[in-house]
Amino acid sequence: MSLLAEVSALDSASSDAAVSEKAAVTESAPVSDSALDTESAKAPLVSLSALTKSFGDLPVLKGIDLEVRPGEVVSIIGRSGSGKSTLLRCINQLEQHDGGAIHVAGKLLDGSEMDAAALAQDVGMVFQSFNLFPHKRVGENVMLAPMLVKGVARDVAEREAREMLAKVGLGEKFDAWPSQLSGGQQQRVAIARALAMHPKVLLCDEITSALDPELVGDVLKVLEQLKREGMTLILVTHEMNFARDVGDRVIFMHQGRVHESGDPATLFANPATEELRQFLGAVL
Amino acid sequence: MNYLPDFPRLLPYLPDLMAGLMTTVWLTALTTTLGILGAVMCVWQRHRAPTSLFSRLLGMLVELLRNTPFIVQLFFIFFGLPALGLSLSAEMAAVIAMTLNLAAYSSEILRAGVDATGRGQWEAGRALGLTRWQSYRHVVLMPALERMYPALTSQCVIVMLGSAVVSQISVADLTFAANFIQSRTFLSFESYVVTAGMYLLLAIAMRALLNRIGRRLFGFRHLTPAPRRRLSSHVLKEAHS
(Lines give C-alpha, C1' and ligand atoms only; values in the text may rest on other atoms or scores of the structure.)
Protein backbone atom coordinates (compact mmCIF):
# COMPACT_ATOMS: atom_id res chain seq x y z
CA MET A 1 0.00 0.00 0.00
CA SER A 2 2.57 2.50 1.08
CA LEU A 3 4.68 1.69 -1.93
CA LEU A 4 1.74 2.23 -4.23
CA ALA A 5 0.94 5.54 -2.58
CA GLU A 6 4.53 6.59 -2.98
CA VAL A 7 4.51 5.73 -6.66
CA SER A 8 1.31 7.61 -7.32
CA ALA A 9 2.66 10.56 -5.36
CA LEU A 10 5.76 10.47 -7.53
CA ASP A 11 3.57 10.27 -10.59
CA SER A 12 1.51 13.24 -9.70
CA ALA A 13 4.64 15.16 -8.78
CA SER A 14 6.22 14.50 -12.13
CA SER A 15 3.02 15.29 -14.01
CA ASP A 16 2.75 18.50 -11.98
CA ALA A 17 6.21 19.37 -13.12
CA ALA A 18 5.27 18.60 -16.69
CA VAL A 19 2.22 20.80 -16.42
CA SER A 20 4.14 23.73 -15.03
CA GLU A 21 6.78 23.24 -17.70
CA LYS A 22 4.08 23.33 -20.34
CA ALA A 23 2.60 26.43 -18.81
CA ALA A 24 5.99 28.09 -18.97
CA VAL A 25 6.29 27.20 -22.60
CA THR A 26 2.85 28.49 -23.53
CA GLU A 27 3.52 31.68 -21.63
CA SER A 28 6.61 32.40 -23.59
CA ALA A 29 5.09 31.11 -26.80
CA PRO A 30 3.03 34.14 -27.89
CA VAL A 31 6.13 36.32 -28.05
CA SER A 32 8.13 33.98 -30.24
CA ASP A 33 5.03 33.14 -32.27
CA SER A 34 4.31 36.70 -33.25
CA ALA A 35 7.99 37.23 -33.94
CA LEU A 36 7.85 34.29 -36.29
CA ASP A 37 4.68 35.64 -37.85
CA THR A 38 6.14 38.95 -38.82
CA GLU A 39 9.20 37.13 -40.06
CA SER A 40 7.19 34.80 -42.26
CA ALA A 41 4.99 37.63 -43.48
CA LYS A 42 8.03 39.09 -45.14
CA ALA A 43 9.42 35.79 -46.40
CA PRO A 44 7.79 34.32 -49.47
CA LEU A 45 5.70 31.22 -48.85
CA VAL A 46 6.43 29.81 -52.27
CA SER A 47 9.51 30.77 -54.16
CA LEU A 48 10.57 29.52 -57.57
CA SER A 49 13.86 30.43 -59.13
CA ALA A 50 15.03 29.61 -62.63
CA LEU A 51 12.61 26.70 -62.72
CA THR A 52 12.85 24.49 -65.80
CA LYS A 53 10.92 21.43 -66.86
CA SER A 54 10.80 19.44 -70.08
CA PHE A 55 8.65 16.57 -71.21
CA GLY A 56 11.11 14.58 -73.28
CA ASP A 57 12.46 16.99 -75.86
CA LEU A 58 9.71 19.50 -75.29
CA PRO A 59 10.67 22.30 -72.93
CA VAL A 60 7.56 23.36 -71.03
CA LEU A 61 9.00 25.69 -68.41
CA LYS A 62 12.00 27.72 -69.50
CA GLY A 63 13.18 29.43 -66.36
CA ILE A 64 10.41 30.65 -64.07
CA ASP A 65 11.05 33.05 -61.22
CA LEU A 66 8.13 33.64 -58.93
CA GLU A 67 7.56 34.53 -55.32
CA VAL A 68 4.26 34.26 -53.54
CA ARG A 69 3.84 35.82 -50.12
CA PRO A 70 1.50 34.50 -47.44
CA GLY A 71 -2.10 35.59 -47.97
CA GLU A 72 -1.55 36.50 -51.59
CA VAL A 73 -3.94 35.42 -54.35
CA VAL A 74 -2.02 34.89 -57.56
CA SER A 75 -3.78 34.06 -60.81
CA ILE A 76 -1.87 32.40 -63.62
CA ILE A 77 -3.33 32.93 -67.05
CA GLY A 78 -2.20 32.04 -70.55
CA ARG A 79 -2.99 29.92 -73.56
CA SER A 80 -3.19 26.18 -73.26
CA GLY A 81 0.28 24.72 -73.61
CA SER A 82 1.93 27.76 -72.07
CA GLY A 83 3.01 25.76 -69.01
CA LYS A 84 0.54 27.06 -66.42
CA SER A 85 -0.60 23.69 -65.13
CA THR A 86 2.90 22.24 -65.20
CA LEU A 87 4.10 25.16 -63.12
CA LEU A 88 1.39 24.49 -60.56
CA ARG A 89 2.08 20.76 -60.54
CA CYS A 90 5.77 21.37 -59.93
CA ILE A 91 4.96 23.26 -56.75
CA ASN A 92 3.47 20.15 -55.15
CA GLN A 93 5.80 17.85 -57.00
CA LEU A 94 3.20 16.02 -59.07
CA GLU A 95 5.76 16.85 -61.72
CA GLN A 96 9.40 16.84 -60.89
CA HIS A 97 11.28 19.87 -62.12
CA ASP A 98 14.52 19.48 -64.07
CA GLY A 99 16.37 22.59 -62.98
CA GLY A 100 16.12 25.56 -60.67
CA ALA A 101 14.86 25.57 -57.13
CA ILE A 102 11.48 25.48 -55.43
CA HIS A 103 11.12 26.57 -51.83
CA VAL A 104 7.88 26.06 -49.97
CA ALA A 105 7.63 27.55 -46.48
CA GLY A 106 11.39 27.89 -46.46
CA LYS A 107 12.05 24.27 -47.33
CA LEU A 108 13.84 23.30 -50.53
CA LEU A 109 12.05 20.61 -52.53
CA ASP A 110 14.49 18.07 -53.88
CA GLY A 111 11.95 15.77 -55.45
CA SER A 112 12.39 12.87 -53.07
CA GLU A 113 9.36 10.67 -52.42
CA MET A 114 10.10 10.91 -48.73
CA ASP A 115 8.76 14.37 -48.13
CA ALA A 116 5.48 13.96 -50.01
CA ALA A 117 3.62 13.62 -46.72
CA ALA A 118 5.31 16.69 -45.28
CA LEU A 119 4.75 18.68 -48.47
CA ALA A 120 1.05 17.81 -48.47
CA GLN A 121 0.74 19.59 -45.14
CA ASP A 122 2.08 22.78 -46.69
CA VAL A 123 0.54 22.59 -50.15
CA GLY A 124 -3.02 21.54 -50.98
CA MET A 125 -4.34 21.05 -54.47
CA VAL A 126 -7.72 21.09 -56.16
CA PHE A 127 -8.06 19.62 -59.64
CA GLN A 128 -10.13 20.49 -62.68
CA SER A 129 -11.79 17.08 -62.61
CA PHE A 130 -12.39 17.05 -58.81
CA ASN A 131 -10.90 13.56 -58.39
CA LEU A 132 -13.08 12.71 -55.44
CA PHE A 133 -12.83 9.10 -54.32
CA PRO A 134 -16.04 7.57 -55.71
CA HIS A 135 -16.17 4.67 -53.26
CA LYS A 136 -16.00 6.85 -50.18
CA ARG A 137 -18.73 9.01 -48.79
CA VAL A 138 -18.22 12.75 -48.84
CA GLY A 139 -17.19 12.85 -45.19
CA GLU A 140 -14.73 9.99 -45.63
CA ASN A 141 -13.20 11.75 -48.61
CA VAL A 142 -12.37 14.63 -46.31
CA MET A 143 -11.27 12.49 -43.36
CA LEU A 144 -9.03 10.07 -45.23
CA ALA A 145 -5.82 12.06 -45.56
CA PRO A 146 -5.76 13.54 -42.04
CA MET A 147 -6.21 10.04 -40.61
CA LEU A 148 -3.70 8.28 -42.87
CA VAL A 149 -1.08 10.96 -43.24
CA LYS A 150 -1.27 12.83 -39.95
CA GLY A 151 -2.58 10.00 -37.81
CA VAL A 152 -5.53 12.06 -36.58
CA ALA A 153 -8.05 10.03 -34.55
CA ARG A 154 -11.30 9.19 -36.32
CA ASP A 155 -13.58 11.28 -34.11
CA VAL A 156 -11.30 14.30 -34.36
CA ALA A 157 -11.06 13.87 -38.13
CA GLU A 158 -14.82 13.58 -38.38
CA ARG A 159 -15.39 16.76 -36.38
CA GLU A 160 -12.93 18.63 -38.59
CA ALA A 161 -14.44 17.20 -41.77
CA ARG A 162 -17.89 18.40 -40.73
CA GLU A 163 -16.38 21.81 -40.01
CA MET A 164 -14.67 21.98 -43.40
CA LEU A 165 -17.79 20.84 -45.23
CA ALA A 166 -19.85 23.47 -43.42
CA LYS A 167 -17.28 26.04 -44.48
CA VAL A 168 -17.86 25.22 -48.16
CA GLY A 169 -21.62 25.17 -47.62
CA LEU A 170 -22.08 21.39 -47.72
CA GLY A 171 -22.49 20.58 -44.05
CA GLU A 172 -25.51 18.39 -44.74
CA LYS A 173 -23.75 16.27 -47.39
CA PHE A 174 -21.44 14.42 -45.00
CA ASP A 175 -23.04 11.03 -45.72
CA ALA A 176 -23.71 11.51 -49.43
CA TRP A 177 -21.82 9.70 -52.17
CA PRO A 178 -19.81 11.89 -54.55
CA SER A 179 -21.87 10.63 -57.49
CA GLN A 180 -24.98 12.11 -55.88
CA LEU A 181 -23.56 15.64 -55.96
CA SER A 182 -23.51 18.21 -58.72
CA GLY A 183 -20.18 19.20 -60.21
CA GLY A 184 -20.05 22.39 -58.20
CA GLN A 185 -20.75 20.52 -54.99
CA GLN A 186 -18.12 17.91 -55.81
CA GLN A 187 -15.58 20.63 -56.40
CA ARG A 188 -16.41 22.24 -53.07
CA VAL A 189 -15.95 18.87 -51.38
CA ALA A 190 -12.57 18.66 -53.08
CA ILE A 191 -11.72 22.06 -51.61
CA ALA A 192 -12.82 20.91 -48.15
CA ARG A 193 -10.73 17.77 -48.57
CA ALA A 194 -7.65 19.84 -49.38
CA LEU A 195 -8.32 22.24 -46.50
CA ALA A 196 -8.60 19.38 -44.01
CA MET A 197 -4.82 19.01 -44.22
CA HIS A 198 -4.47 22.66 -43.15
CA PRO A 199 -2.18 23.61 -46.01
CA LYS A 200 -0.43 26.96 -46.06
CA VAL A 201 -1.10 27.41 -49.75
CA LEU A 202 -3.86 26.05 -51.97
CA LEU A 203 -3.18 25.32 -55.62
CA CYS A 204 -6.22 25.42 -57.90
CA ASP A 205 -5.83 23.96 -61.38
CA GLU A 206 -8.67 25.32 -63.53
CA ILE A 207 -11.10 24.25 -60.88
CA THR A 208 -14.14 25.82 -62.54
CA SER A 209 -13.44 24.75 -66.12
CA ALA A 210 -15.41 21.51 -65.87
CA LEU A 211 -18.44 23.08 -64.23
CA ASP A 212 -21.75 24.13 -65.63
CA PRO A 213 -21.77 27.93 -65.79
CA GLU A 214 -24.42 28.32 -63.12
CA LEU A 215 -22.33 26.33 -60.65
CA VAL A 216 -19.13 28.29 -61.07
CA GLY A 217 -20.22 31.12 -58.78
CA ASP A 218 -20.56 28.86 -55.72
CA VAL A 219 -17.02 27.62 -56.08
CA LEU A 220 -15.62 31.11 -56.61
CA LYS A 221 -17.47 32.33 -53.52
CA VAL A 222 -15.63 29.72 -51.47
CA LEU A 223 -12.32 30.97 -52.86
CA GLU A 224 -13.23 34.56 -51.98
CA GLN A 225 -14.02 33.48 -48.46
CA LEU A 226 -10.69 31.67 -48.21
CA LYS A 227 -8.91 34.81 -49.30
CA ARG A 228 -10.68 36.79 -46.61
CA GLU A 229 -9.47 34.24 -44.08
CA GLY A 230 -5.92 34.85 -45.24
CA MET A 231 -5.34 31.69 -47.27
CA THR A 232 -2.65 31.85 -49.91
CA LEU A 233 -4.03 30.86 -53.31
CA ILE A 234 -2.30 30.13 -56.58
CA LEU A 235 -4.83 29.59 -59.34
CA VAL A 236 -4.53 28.59 -62.92
CA THR A 237 -7.74 30.07 -64.18
CA HIS A 238 -9.80 31.28 -67.07
CA GLU A 239 -11.99 33.32 -64.74
CA MET A 240 -10.73 36.75 -65.73
CA ASN A 241 -13.36 38.54 -63.66
CA PHE A 242 -12.30 36.63 -60.59
CA ALA A 243 -8.62 37.27 -61.29
CA ARG A 244 -9.35 40.97 -61.60
CA ASP A 245 -11.72 41.41 -58.66
CA VAL A 246 -10.25 39.05 -56.09
CA GLY A 247 -6.69 38.35 -57.21
CA ASP A 248 -3.73 40.35 -55.93
CA ARG A 249 -1.51 39.60 -58.85
CA VAL A 250 -1.79 38.16 -62.33
CA ILE A 251 0.90 36.17 -64.07
CA PHE A 252 0.61 35.85 -67.82
CA MET A 253 2.53 32.87 -69.11
CA HIS A 254 3.59 32.50 -72.69
CA GLN A 255 5.72 29.74 -74.17
CA GLY A 256 7.07 28.53 -70.87
CA ARG A 257 8.00 31.91 -69.46
CA VAL A 258 6.38 34.54 -67.28
CA HIS A 259 5.67 36.97 -70.05
CA GLU A 260 4.03 39.67 -68.02
CA SER A 261 2.93 40.07 -64.44
CA GLY A 262 1.48 42.75 -62.27
CA ASP A 263 -1.57 43.87 -60.39
CA PRO A 264 -4.76 42.81 -62.15
CA ALA A 265 -6.30 46.22 -62.76
CA THR A 266 -3.28 47.60 -64.61
CA LEU A 267 -2.52 44.41 -66.42
CA PHE A 268 -6.01 43.94 -67.81
CA ALA A 269 -6.46 47.63 -68.65
CA ASN A 270 -3.03 48.20 -70.18
CA PRO A 271 -1.35 45.02 -71.32
CA ALA A 272 2.25 45.85 -72.05
CA THR A 273 2.92 43.15 -74.59
CA GLU A 274 1.26 42.20 -77.83
CA GLU A 275 0.85 38.56 -76.71
CA LEU A 276 -1.17 39.48 -73.65
CA ARG A 277 -3.25 41.92 -75.66
CA GLN A 278 -4.06 39.14 -78.12
CA PHE A 279 -4.80 36.67 -75.37
CA LEU A 280 -7.13 39.04 -73.56
CA GLY A 281 -8.81 39.90 -76.84
CA ALA A 282 -9.48 36.21 -77.39
CA VAL A 283 -10.87 35.38 -73.97
CA LEU A 284 -12.66 38.52 -72.80
CA MET B 1 -32.46 -47.92 -73.90
CA ASN B 2 -34.55 -49.56 -71.27
CA TYR B 3 -32.35 -48.57 -68.34
CA LEU B 4 -34.35 -47.48 -65.32
CA PRO B 5 -32.43 -45.07 -63.08
CA ASP B 6 -32.34 -46.18 -59.46
CA PHE B 7 -31.66 -43.08 -57.40
CA PRO B 8 -32.84 -44.47 -54.02
CA ARG B 9 -29.86 -46.85 -54.02
CA LEU B 10 -27.62 -43.78 -53.64
CA LEU B 11 -29.24 -42.83 -50.34
CA PRO B 12 -26.84 -44.81 -48.11
CA TYR B 13 -24.00 -42.85 -49.68
CA LEU B 14 -25.51 -39.46 -48.94
CA PRO B 15 -23.09 -38.87 -46.04
CA ASP B 16 -20.15 -39.45 -48.40
CA LEU B 17 -21.56 -36.96 -50.88
CA MET B 18 -22.14 -34.39 -48.15
CA ALA B 19 -18.61 -34.85 -46.79
CA GLY B 20 -17.24 -34.41 -50.31
CA LEU B 21 -19.37 -31.33 -50.78
CA MET B 22 -18.03 -29.82 -47.57
CA THR B 23 -14.46 -30.44 -48.70
CA THR B 24 -15.18 -28.70 -52.00
CA VAL B 25 -16.78 -25.82 -50.12
CA TRP B 26 -13.92 -25.22 -47.70
CA LEU B 27 -11.30 -25.68 -50.40
CA THR B 28 -13.09 -23.07 -52.50
CA ALA B 29 -13.64 -20.66 -49.62
CA LEU B 30 -10.01 -20.85 -48.53
CA THR B 31 -8.45 -20.65 -51.98
CA THR B 32 -10.65 -17.84 -53.30
CA THR B 33 -9.78 -15.75 -50.24
CA LEU B 34 -6.06 -16.48 -50.50
CA GLY B 35 -6.09 -16.22 -54.29
CA ILE B 36 -7.72 -12.79 -54.38
CA LEU B 37 -5.36 -11.56 -51.65
CA GLY B 38 -2.45 -12.93 -53.67
CA ALA B 39 -3.74 -11.15 -56.76
CA VAL B 40 -4.05 -7.86 -54.86
CA MET B 41 -0.43 -8.11 -53.70
CA CYS B 42 0.83 -9.30 -57.07
CA VAL B 43 -0.81 -6.35 -58.84
CA TRP B 44 0.66 -3.98 -56.26
CA GLN B 45 4.17 -5.36 -56.68
CA ARG B 46 3.96 -5.20 -60.47
CA HIS B 47 2.53 -1.70 -60.33
CA ARG B 48 5.02 -0.44 -57.75
CA ALA B 49 8.15 -1.63 -59.53
CA PRO B 50 7.19 -2.94 -62.97
CA THR B 51 10.76 -3.36 -64.13
CA SER B 52 12.21 -4.97 -61.02
CA LEU B 53 13.49 -8.54 -61.18
CA PHE B 54 10.85 -9.74 -58.73
CA SER B 55 8.05 -8.20 -60.81
CA ARG B 56 9.40 -9.82 -63.96
CA LEU B 57 9.56 -13.19 -62.24
CA LEU B 58 6.00 -12.71 -61.01
CA GLY B 59 4.92 -11.84 -64.53
CA MET B 60 6.53 -15.01 -65.86
CA LEU B 61 4.90 -17.11 -63.14
CA VAL B 62 1.50 -15.61 -64.00
CA GLU B 63 1.97 -16.47 -67.67
CA LEU B 64 3.15 -19.97 -66.78
CA LEU B 65 0.08 -20.59 -64.64
CA ARG B 66 -2.30 -19.17 -67.24
CA ASN B 67 -0.86 -21.19 -70.09
CA THR B 68 -0.52 -24.68 -68.66
CA PRO B 69 -3.28 -27.14 -67.71
CA PHE B 70 -4.44 -26.97 -64.13
CA ILE B 71 -4.11 -30.73 -63.70
CA VAL B 72 -0.46 -30.55 -64.74
CA GLN B 73 0.16 -27.79 -62.18
CA LEU B 74 -1.54 -29.90 -59.54
CA PHE B 75 0.44 -33.02 -60.41
CA PHE B 76 3.66 -31.06 -60.47
CA ILE B 77 3.05 -29.70 -56.98
CA PHE B 78 1.90 -33.03 -55.55
CA PHE B 79 4.06 -35.54 -57.44
CA GLY B 80 6.87 -33.37 -58.79
CA LEU B 81 7.91 -31.26 -55.81
CA PRO B 82 8.79 -34.25 -53.58
CA ALA B 83 11.71 -34.83 -55.94
CA LEU B 84 13.02 -31.47 -54.71
CA GLY B 85 12.45 -32.59 -51.14
CA LEU B 86 9.11 -30.81 -50.68
CA SER B 87 6.44 -33.35 -49.80
CA LEU B 88 2.96 -32.00 -49.26
CA SER B 89 -0.28 -33.59 -48.16
CA ALA B 90 -2.87 -33.91 -50.91
CA GLU B 91 -5.02 -31.19 -49.31
CA MET B 92 -2.05 -28.84 -48.99
CA ALA B 93 -1.06 -29.42 -52.61
CA ALA B 94 -4.64 -28.78 -53.70
CA VAL B 95 -4.84 -25.54 -51.71
CA ILE B 96 -1.55 -24.29 -53.17
CA ALA B 97 -2.41 -25.23 -56.75
CA MET B 98 -5.88 -23.70 -56.62
CA THR B 99 -4.64 -20.54 -54.89
CA LEU B 100 -1.85 -20.00 -57.40
CA ASN B 101 -4.16 -20.66 -60.33
CA LEU B 102 -6.81 -18.22 -59.13
CA ALA B 103 -4.21 -15.61 -58.14
CA ALA B 104 -2.66 -15.76 -61.61
CA TYR B 105 -5.93 -15.31 -63.49
CA SER B 106 -7.46 -12.77 -61.14
CA SER B 107 -4.28 -10.70 -60.97
CA GLU B 108 -4.58 -10.12 -64.70
CA ILE B 109 -8.23 -9.18 -64.27
CA LEU B 110 -7.47 -6.82 -61.38
CA ARG B 111 -4.51 -5.33 -63.21
CA ALA B 112 -6.83 -4.30 -66.02
CA GLY B 113 -9.05 -2.66 -63.41
CA VAL B 114 -6.15 -0.80 -61.85
CA ASP B 115 -4.86 0.29 -65.24
CA ALA B 116 -8.29 1.65 -66.07
CA THR B 117 -8.20 3.88 -62.98
CA GLY B 118 -7.64 7.46 -64.01
CA ARG B 119 -4.32 9.09 -63.24
CA GLY B 120 -6.33 11.70 -61.37
CA GLN B 121 -7.11 9.29 -58.53
CA TRP B 122 -3.43 8.53 -57.96
CA GLU B 123 -2.62 12.23 -58.16
CA ALA B 124 -5.36 13.17 -55.72
CA GLY B 125 -3.93 10.64 -53.27
CA ARG B 126 -0.42 11.91 -53.78
CA ALA B 127 -1.43 15.56 -53.46
CA LEU B 128 -3.01 14.72 -50.10
CA GLY B 129 0.25 13.17 -48.93
CA LEU B 130 -0.70 9.50 -49.21
CA THR B 131 2.10 7.08 -50.00
CA ARG B 132 1.74 5.01 -53.18
CA TRP B 133 0.73 2.01 -51.09
CA GLN B 134 -1.89 4.05 -49.25
CA SER B 135 -3.22 5.35 -52.56
CA TYR B 136 -3.42 1.80 -53.89
CA ARG B 137 -5.00 0.39 -50.77
CA HIS B 138 -7.47 3.16 -49.96
CA VAL B 139 -8.09 4.96 -53.24
CA VAL B 140 -7.51 2.77 -56.27
CA LEU B 141 -8.20 -0.79 -55.12
CA MET B 142 -11.90 -0.72 -54.30
CA PRO B 143 -13.08 0.98 -57.51
CA ALA B 144 -10.81 -1.37 -59.48
CA LEU B 145 -12.31 -4.40 -57.73
CA GLU B 146 -15.77 -3.00 -58.29
CA ARG B 147 -15.10 -2.46 -61.97
CA MET B 148 -13.85 -6.02 -62.39
CA TYR B 149 -16.14 -7.72 -59.90
CA PRO B 150 -18.27 -9.66 -62.43
CA ALA B 151 -15.15 -11.09 -64.06
CA LEU B 152 -13.64 -11.95 -60.68
CA THR B 153 -16.85 -13.65 -59.58
CA SER B 154 -16.80 -15.81 -62.70
CA GLN B 155 -13.18 -16.70 -62.12
CA CYS B 156 -13.91 -17.79 -58.56
CA VAL B 157 -16.74 -20.04 -59.78
CA ILE B 158 -14.43 -21.47 -62.44
CA VAL B 159 -11.92 -22.34 -59.73
CA MET B 160 -14.63 -24.03 -57.68
CA LEU B 161 -15.71 -26.14 -60.65
CA GLY B 162 -12.09 -26.80 -61.59
CA SER B 163 -11.43 -28.08 -58.10
CA ALA B 164 -13.04 -31.37 -59.21
CA VAL B 165 -9.60 -32.21 -60.53
CA VAL B 166 -8.12 -32.45 -57.04
CA SER B 167 -9.93 -35.77 -56.64
CA GLN B 168 -7.15 -37.09 -58.87
CA ILE B 169 -4.63 -36.70 -56.06
CA SER B 170 -7.01 -38.32 -53.57
CA VAL B 171 -8.45 -35.20 -51.97
CA ALA B 172 -11.86 -36.38 -50.81
CA ASP B 173 -13.93 -33.72 -52.51
CA LEU B 174 -17.34 -34.02 -54.15
CA THR B 175 -16.02 -35.61 -57.34
CA PHE B 176 -13.94 -38.03 -55.29
CA ALA B 177 -17.12 -39.09 -53.48
CA ALA B 178 -18.92 -39.55 -56.80
CA ASN B 179 -16.12 -41.71 -58.16
CA PHE B 180 -16.10 -43.72 -54.97
CA ILE B 181 -19.86 -44.34 -55.02
CA GLN B 182 -19.81 -45.13 -58.70
CA SER B 183 -17.08 -47.73 -58.27
CA ARG B 184 -18.92 -49.32 -55.33
CA THR B 185 -22.39 -49.43 -56.86
CA PHE B 186 -21.80 -49.17 -60.60
CA LEU B 187 -24.56 -46.55 -60.60
CA SER B 188 -22.55 -44.25 -62.89
CA PHE B 189 -25.53 -42.42 -64.33
CA GLU B 190 -27.13 -41.71 -60.97
CA SER B 191 -23.89 -40.78 -59.24
CA TYR B 192 -22.86 -38.23 -61.82
CA VAL B 193 -26.31 -36.77 -62.32
CA VAL B 194 -26.58 -36.13 -58.59
CA THR B 195 -23.02 -34.79 -58.42
CA ALA B 196 -23.56 -32.50 -61.39
CA GLY B 197 -26.71 -31.22 -59.73
CA MET B 198 -24.80 -30.51 -56.54
CA TYR B 199 -22.09 -28.61 -58.42
CA LEU B 200 -24.78 -26.64 -60.19
CA LEU B 201 -26.50 -25.70 -56.96
CA LEU B 202 -23.15 -24.86 -55.38
CA ALA B 203 -22.25 -22.59 -58.30
CA ILE B 204 -25.59 -20.81 -58.12
CA ALA B 205 -25.27 -20.38 -54.37
CA MET B 206 -21.73 -19.11 -54.76
CA ARG B 207 -22.74 -16.51 -57.34
CA ALA B 208 -25.59 -15.38 -55.13
CA LEU B 209 -23.25 -15.06 -52.15
CA LEU B 210 -20.59 -13.20 -54.13
CA ASN B 211 -23.19 -10.84 -55.57
CA ARG B 212 -24.40 -10.16 -52.08
CA ILE B 213 -20.86 -9.48 -50.88
CA GLY B 214 -20.40 -7.23 -53.90
CA ARG B 215 -23.44 -5.16 -53.06
CA ARG B 216 -22.14 -4.82 -49.53
CA LEU B 217 -18.64 -3.81 -50.55
CA PHE B 218 -19.60 -1.56 -53.41
CA GLY B 219 -22.52 0.34 -52.00
CA PHE B 220 -21.50 3.35 -54.04
CA ARG B 221 -23.58 2.80 -57.13
CA HIS B 222 -21.89 4.66 -59.87
CA LEU B 223 -18.39 5.81 -60.42
CA THR B 224 -18.04 9.55 -60.78
CA PRO B 225 -18.94 10.42 -64.34
CA ALA B 226 -16.18 12.17 -66.23
CA PRO B 227 -16.77 15.89 -65.90
CA ARG B 228 -17.77 17.67 -69.01
CA ARG B 229 -15.22 20.11 -70.20
CA ARG B 230 -16.75 23.36 -71.26
CA LEU B 231 -15.32 25.91 -73.54
CA SER B 232 -13.76 28.45 -71.29
CA SER B 233 -15.39 31.36 -73.08
CA HIS B 234 -18.81 29.98 -72.14
CA VAL B 235 -17.76 29.87 -68.55
CA LEU B 236 -16.30 33.32 -68.65
CA LYS B 237 -19.46 35.07 -69.74
CA GLU B 238 -21.64 33.38 -67.16
CA ALA B 239 -19.24 33.34 -64.30
CA HIS B 240 -18.92 35.55 -61.33
CA SER B 241 -22.21 37.28 -61.67
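In the text below, chain A, chain B and the rest are named by the order of the sequence lines, each starting its count at 1. Heavy-atom basis, side chains included; hydrogens, waters and symmetry copies ignored.
- You'll find the side chain of B:Gln121 reaches within 4.5 Å of the side chain of A:Pro134, heavy atoms only.
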Could you list the donor-acceptor pairs under 3.5 angstrom formed by side chains in residues 203-214 of chain B, with sequence neighbours left out?
residue: B:Asn211; atom: ND2; partner: B:Arg207; partner atom: O; Å: 3.4

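- Taking each heavy atom of B:Leu128 and A:Ala120 in turn, the nearest pair found is C-CB, 3.4 Å.
- To the nearest 0.5 Å, atoms CD (B:Glu123) and CZ (A:Arg89) are separated by 4.0 Å.
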Donor-acceptor pairs are to be reported for all side-chain atoms of residues 141-150 of chain A against protein atoms at under 3.5 Å, with residues two or more places apart or in another chain.
residue: A:Asn141; atom: OD1; partner: A:Phe133; partner atom: N; Å: 2.8
residue: A:Asn141; atom: OD1; partner: A:Arg193; partner atom: NH1; Å: 3.3
residue: A:Asn141; atom: ND2; partner: A:Phe133; partner atom: O; Å: 3.1
residue: A:Asn141; atom: ND2; partner: A:Lys136; partner atom: O; Å: 2.9
residue: A:Asn141; atom: ND2; partner: A:Arg137; partner atom: O; Å: 3.2
residue: A:Lys150; atom: NZ; partner: A:Met197; partner atom: O; Å: 3.1

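- In this structure, the side chain of B:Arg126 engages the main chain of A:Gln93 through a donor-acceptor pair within 3.5 Å.
- Within the 4.5 angstrom heavy-atom criterion, only backbone atoms of A:Val123 (N, CA, C, O) approach chain B.
- Of the possible polar contacts, none joining the A:Asn131 side chain to the B:Ala124 backbone as a donor-acceptor pair under 3.5 Å is found.
- A donor-acceptor pair is defined here as one N or O able to donate and one able to accept, closer than 3.5 Å; such a pair exists between the side chain of A:His135 and the backbone of B:His138.
- Residue B:Arg119 touches chain A through its side chain alone, counting heavy-atom pairs closer than 4.5 Å.
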